[in-house]
Every structure is written in C-alpha cells, then in structure tokens.
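Reviewing the structure listed below.
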Amino acid sequence: MGNIPKDAVAILVNGQVCEASGDMPEGGRALTCNDPEGLAVYRHSVSHIMAHAVADLFPGTRFAIGPSTADGFYYDFDSPQPFTPEDLKKIEKRMSQIIKAANPFKRAVMNRDDAIRMFEEKGEIYKVELLREIADDTVSLYEEGGFADLCRGPHLPHTGRVKAFALLSIAGAYWRGDEKNKMLQRIYGTAFGDAESLKKHLDFLEEVKRRDHRRLGKDLDLFSIGDETGSGLVLWHPKGATIRRVIEDFWRAEHEKADYQNLYTPHMARLDLWKQSGHWDFYRENMYAPMEVEGQLFEIKPMNCPFHIAIYKSHLRSYRDLPIRYCELGTVYRFERSGALHGLLRVRGFTQDDAHIFCAPDQIQDEISRVLEFTLFVLKTFGFENYDVYLSTRPEKYVGDLEHWETATDALRQALEKSGIRYEVDPGEGVFYGPKIDIKVKDTLGRAWQCSTIQVDFNLPERFDISFQGSDGAKHRPIMVHRALMGSLERFFGVLIEHYAGAFPVWLSPVQVRVMTVAERHADHANSVVKALRAAGVRADVDVTNEKIGYKVRIAAMDKIPYLLTVGDREVEQGIVNVRRRGGENIGEMTVDAFGEMVAEEVAGKR
RNA sequence: GCCGAGAUAGCUCAGCUGGUAGAGCAGCUGAUUCGUAAUCAGCAGGUCGUCGGUUCGAAUCCGAUUCUCGGCUCCA
C-alpha cells in the first residue's frame, strides 16, 4: 500500500491497466504519459471529452466508438449535420471548458439489459448494438460532467488532467469498418502529456506534409498524374525518368550478378491464359474488362507470372537447370477504386521489379535465404536500414495440400531465423496459393512502407502442369517463388522521395551538378566545364542567366541539387571551379577533373 | 465505391451576401554585369474543371459529371 504518484494517469496491477484512484495496491506500478499504456488511457479520456463536447454542441448526434490509436484518438459520430473545420474549433473550445472544470470520471457498473434499455430510450442504436454483443451480465459506464458513455475504461481521475490536445481532421468512416454499413463522421485528434510533446508531434505532421511526394513531385518536376491521361496512371517527367533509369540500371546489374535472367513479356494476353492461371476466378475484381480482338478476348495483365511460366514451359527442364531465376521489370495494370488512389503509392498501372524462381522442393530454403539477403542489400543501397518483417501464414481460403504449406512455411521461417532478423508472424495473412514474407521499410521519419514481398506458390505450377525431370528420370513438380524487392517502381519512388525529402543522394540525383556564372562573360568557361563533366559521365547543367549569384544559389538549392559550381573571374583565370555542397558547405576550389573524379567516386559508392 | 471538402494564370492563392477577374512567383523584353538562398522596370498570360439550369446578368446560386484532397474499405 502507498500513495499513487501525482503524475500517474493510470496504474498497472498484475498486468492490468487500472484507474489511478485510491491507494496504490501491492505490486502496483504507476503509469504516466511516458508509458504507451498510460498515454492510451489519457487519449481515450480525451476522446470521451470530445464526445461530451459534441453532445453539448450538436444535439441529436449519436455516438459510436472512440478509441485511442497509435498516435492519437478518434470518435465516430452519426450526426444529422456534417462537421466543418470551423466546428472543430468550436469543439476544441468546449473541450477546454470541460477540462478546466476538472470533472471527475465516475465509473458505474450496471446490468447489461438495463444499459440496453437506457441507451435504447436515448436512441443510441450503436451503443445498443455494442451492448448486445457483450457476453457479461454487467457492463461499465463512465460519466463526467453529466455526459455518460459505455466504456470498459479505465480513465483519468478527472478531466482536468488533460494538458495538451488538438483536433486534426474530419473523415468519413463506416460503422465497424464495413462498407455495407452506414457512413459515420470521424473526428481525429491527438493528445500528449505536455504541450511540448504535442508541439513536437504537430511539427512532425508538418514535416510529413513537407515531404509529401506529391508536393515534391510537382515542385521538383519529377512526375505527374494527368487529369486527361487517366487517374492512377503515372507520367514520369525527365527528372523522374532519370532517377528511374538509374534505379533500373542498378537493378539489372545486380540481378545479373545474382544469376537471374532478364525477360520482357507483353502487356496483354488471351483471356484463356488468365482463366488457366486462376486469376480470372480469384483476382477478377482487380482486373480490367477484357477486350475483343478479331473474335478473341484479351486481357491486360495484372501480373507477370503466367508469362514467365510460359517461358519455363518452352523447354523440357532438367533438375540440372534448377533453380531457374527469371526477372522482369514488368508493367501491370490493376483496377483500384477511385477513392483508393494515392499519388505514386497507390496507382492503377505500375512496374513491378518482379522475378519468379523455379526450384526443386529441396532448394527452396536456400533460395529464400538468397532472396532475403538480396532484398536487404537492395533496400540498404537506397538508405533503408530498418525494416518490419512479417511471415504470413496459411489463410482460411487456400489451395494445395497441407504438407506443402507446412514445408514452405518452414522454409520461410528457417530462412528468417538464419538471417537473424527480427520478424513477426501474421497468422492467416498469406496469399491463397502460398505463404509469404513481407518486408516493410522504415523511412527517416520512422514510417513503415510495404514494398518487398517474397511468396511461395504451389498453385501455378499445378495449374500449368509444369515439371522438371529429376535424377531418377521421373517428372517432378517445381516450386515457384514470386518476389519483388522494391515492389513497384512507382511506389518505391514515392517512398524514396519522402525518405530523402527530395534531396536525393548524388548517385540518384537527376541533376548532380549545376554550374553557375557570376557574370555573363563567364558563360564560355561554364559551358566548357559542363561539357567536360558530361563527358566524364556526370549529370550536369548550367545557369548562365543574367541574375545575381545569390539568386542562382537559391534556385539551385530549391531544386535540391547536390553540387553547385561557381565560375567567376578567378575560376576562368585559373581554369578551376568553386564547389559548394547542397546545404551550404563550401568545399573550395578545385580543377574540373578533380571534381569529376570526386563525383564519380561518390556515384560508384552509391552515395 | 462510400462520407466530407475542393477545382480561379505554368505554380501558390485572393475574389463578402450574383454586376462580367486580381496578387506574388515563374515566363518574355529591356536595363544592370553583380562572388554564394530573391537587382530593377515594363509586357504578356485566364471562355474561373466540364456540361446543363435559374437569372436582365453566374467564378459566385442549383443539378449532373470528371478529377484532386482527408479518411473508410482495399493493396505492390
């Protein structure tokens, strides 16, 4: 027994989060906003306070659910009037009043049927629905300042404990996340234990906005998604295309080293192919309508695999040929609902850095290990050092026999164990044809992005009846591994833009060097510098406009060009250049050759 | 697809309750010839996303439609 510290928002007793009221029980531990569980309690209470404010300001609103989330909280409302941004301000104001009043959160336990009756009288249909699904006979309600809500708790001792919160946005959300249900209005907010932490989070959100690849894509002239050309279809502008080409060149070179063979396959195929592959049955909702050509139906491809299988089947294969590794930068088209589209991260046409490995069952673990190592190497080259790795196991709907699933899942698991990287099991999240490993890369802001995927497939070898001849002279079925390291070039590019905030490392920068003249008489020297750099393989351009050097520096800085070379009287005289690095660091004077070598070295090191 | 918000010059945005469109930057021309994040002046630039309606008159009001944004759902 003892006193509960004043800054405790909840206490942990026997692994259970409880209210920070009364005395501290034996073995109890105080939780503050520095503990994830404590912060969750705190935010959950703020969500209740928001509901209270909405109840006061918007009579007739019905209440759904209001949980805390990873970085804040939300509450779903069914309100006759749509909320506006101005309403958020009003709600915030009312919340501040409720907080100032320091209303105690009072817990009341009542009979479940009584609770149902009570909420029914108030017309709270969502609460009634929730109550009907609770198995216990009794339920708990929390009341503060006259506003009562169904809640498991726990909550803060009183509303006055809230120190910093902000309402962020309004959005539609289906009741219970099911699109067959009514669309409710969700208000998102966040809350922290102190004003400084809140400010830090709001600054983080600003930084996220600043790095938005759609914003940077426009500012840096990297890509666009045209209104006239179609939504979800990406136009790669020269600078974006340059970056893509560098990525592709790197990708091809590394695949050659890793014993892959590169393929090119068409963008469409006869519908029958997609029927045989099973896509027409299992994947149709992501496919476009077939088109008729001379009486035959054709389908634009949502995946590359059937083509790679067709190439596999073009010969009789021996066990000596395996593993066969086919890779292709294959452009696929998938139907996405208009509301799901999002810049480069969610599009309708994209290029996968795809590969299919055909191997014998006893080779699978080794192949998975190789792919895993290869993936991490590629991601690391692009500056991604942290990942979340998931092993997705057999889903409810699956094909193939259990033994195969067992072997394949084991192979994936052992490859992961061998690599020593930490991973989580995602039960039932595999694809219908096999288990998979998904790798989410974490960018500089710590956000996780799904890019790489490694999938084992028993279905397609079966469906296309592919085989190889074993040392025993008999026919055997190979196992197929699908894998994409970057996932799609479009999404990966979007992630890269945000990761680097548009300031790409030298080897990726579309313009690596800008040569700037101090005055017009230096143009000839500047042009010859550019010529020499280009001859040395450096992507350089020139600014000979009639502007002051400060202006040119500013423009180049906004273009996020890694190196700025200044050319004035001094440089012309001595045949040198003056080098400034992106960010302002002045490296000083050097010869064009020396500078060219320096850049080449950086590019070779993928820096 | 669904709920909400939005679409005005190349870009960022202003334009109150209907009276016929404006700024900054970018562009062009001229002056200036300058040493590390904006030199000055002038000019040009829009059938206000598209289609239809109301009105003497629509960027403004109404309807439809396309696209974008915030989410939900879904995914590389």
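Keep in mind the model is a prediction, meaning the values are calculated, not measured. So you know, we letter chains A, B, ... as the sequences are listed, proteins then strands, and number each from 1.
Annotation: cation-pi pair R43(A)/F73(A) absent, no NZ/CZ under 6.0 Å from the ring centroid and within 45° of its normal.
The residue K218(A) sits close only to the backbone: its heavy atoms come under 4.0 Å of sugar-phosphate atoms, none of a base. D219(A) comes within contact range of no nucleotide atom at all, as no heavy-atom separation falls under 4.0 Å. Within the 4.0 angstrom heavy-atom criterion, only backbone atoms of the sugar-phosphate kind lie near G177(A); the bases stay farther away. R570(A) comes within contact range of at least one nucleobase, with a heavy-atom separation under 4.0 Å. E585(A) comes within contact range of no nucleotide atom at all, as no heavy-atom separation falls under 4.0 Å. V332(A) comes within 4.0 angstrom of no nucleic acid atom, judged by non-hydrogen atoms across all strands. No engagement by E490(A) is indicated, since no non-hydrogen atom pair under 4.0 Å with the nucleic acid exists. Among the atoms of the strands shown, base atoms are found under 4.0 Å from some heavy atom of R491(A). Within the 4.0 angstrom heavy-atom criterion, base atoms lie near N578(A). E520(A) comes within 4.0 angstrom of a base, heavy atoms only. Looking at heavy-atom distances under 4.0 Å, A484(A) makes no contact with the nucleic acid at all. Contacts of G550(A) with the nucleic acid, taken as non-hydrogen atoms under 4.0 Å apart, involve only primed sugar atoms and P, OP1 or OP2.
Aromatic rings from F493(A) and W236(A) are positioned such that their centres are separated by under 6.0 Å. The aromatic ring centres of Y75(A) and F77(A) sit less than 6.0 Å apart. No close placement of the H499(A) and F382(A) rings is indicated, their centers lying 6.0 Å or farther apart.
Counting distance only, with no hydrogens placed and no angle test, the side-chain atoms of R580(A) and the base atoms of U36(B) include a donor-acceptor pair under 3.5 Å. You'll find a donor-acceptor pair under 3.5 Å spanning the side chain of E336(A) and the base of A76(B), going by distance alone. With hydrogens and angles ignored, no donor-acceptor pair closer than 3.5 Å exists between the side chain of Q185(A) and the base of G71(B).
The residues E207(A) and R210(A) are annotated as salt-bridged, a charged nitrogen and a carboxylate oxygen being separated by less than 4.0 angstrom. By the 4.0 Å N-to-carboxylate-O rule, R483(A) lies too far from E367(A) to be salt-bridged with it. A salt bridge is absent between K90(A) and E86(A); no separation between the charged side-chain nitrogens and carboxylate oxygens falls under 4.0 Å. A salt bridge is absent between R346(A) and E490(A): the closest approach of a Lys/Arg side-chain nitrogen to an acidic carboxylate oxygen does not fall below 4.0 angstrom. The pair R62(A)-D78(A) meets the salt-bridge criterion, with a side-chain N (NZ, NE, NH1 or NH2) lying under 4.0 Å from an Asp/Glu carboxylate O.
K552(A) has no side-chain polar atom (N or O) that falls below the 4.0 Å cut-off from OP1 or OP2 of A38(B). Note on Y283(A): every side-chain N or O is 4.0 Å or more away from OP1 and OP2 of C74(B).
Comparing F335(A) and R215(A) against RNA chain B, the residue whose closest nucleotide sits nearer the 5' end is F335(A).
When each of R491(A), R211(A), R447(A) is paired with E498(A), the salt bridge (Lys or Arg N to Asp or Glu O under 4.0 Å) condition holds for R447(A) and for no other.
Checked against G35(B), A76(B), U39(B), the side chain of T566(A) finds its nearest nucleotide in G35(B). You'll find that the side chain of V518(A) is closest to G35(B), out of U12(B), G35(B), C3(B). Nearest nucleotide to the side chain of Y174(A), out of G4(B), U33(B), G1(B): G1(B). Closest approach to the R337(A) side chain among U36(B), G1(B), C72(B) is made by G1(B) (side chain taken as heavy atoms from C-beta onward). Comparing C75(B), A38(B), U33(B) by their closest approach to the side chain of A519(A) singles out U33(B).
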Checklist outcome for this item: Counting primed atoms, P, OP1 and OP2 as sugar-phosphate and everything else as base, the B/S/- map of nucleotides 59-70 of chain B against protein heavy atoms under 4.0 Å is --------SSSB

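Nucleotides A76(B) and U8(B) have their C1' atoms positioned 37 Å apart, rounded to a whole Å.
For RNA chain B, each stem of at least three Watson-Crick or G-U pairs (distances under 3.5 Å) is given as range with range: B:1-7 with B:66-72, B:10-13 with B:22-25, B:27-31 with B:39-43, B:49-53 with B:61-65.
Nearest heavy-atom pair, I561(A) versus R582(A), reported as atom, atom and distance to 0.1 Å: O-CB, 3.5 Å.
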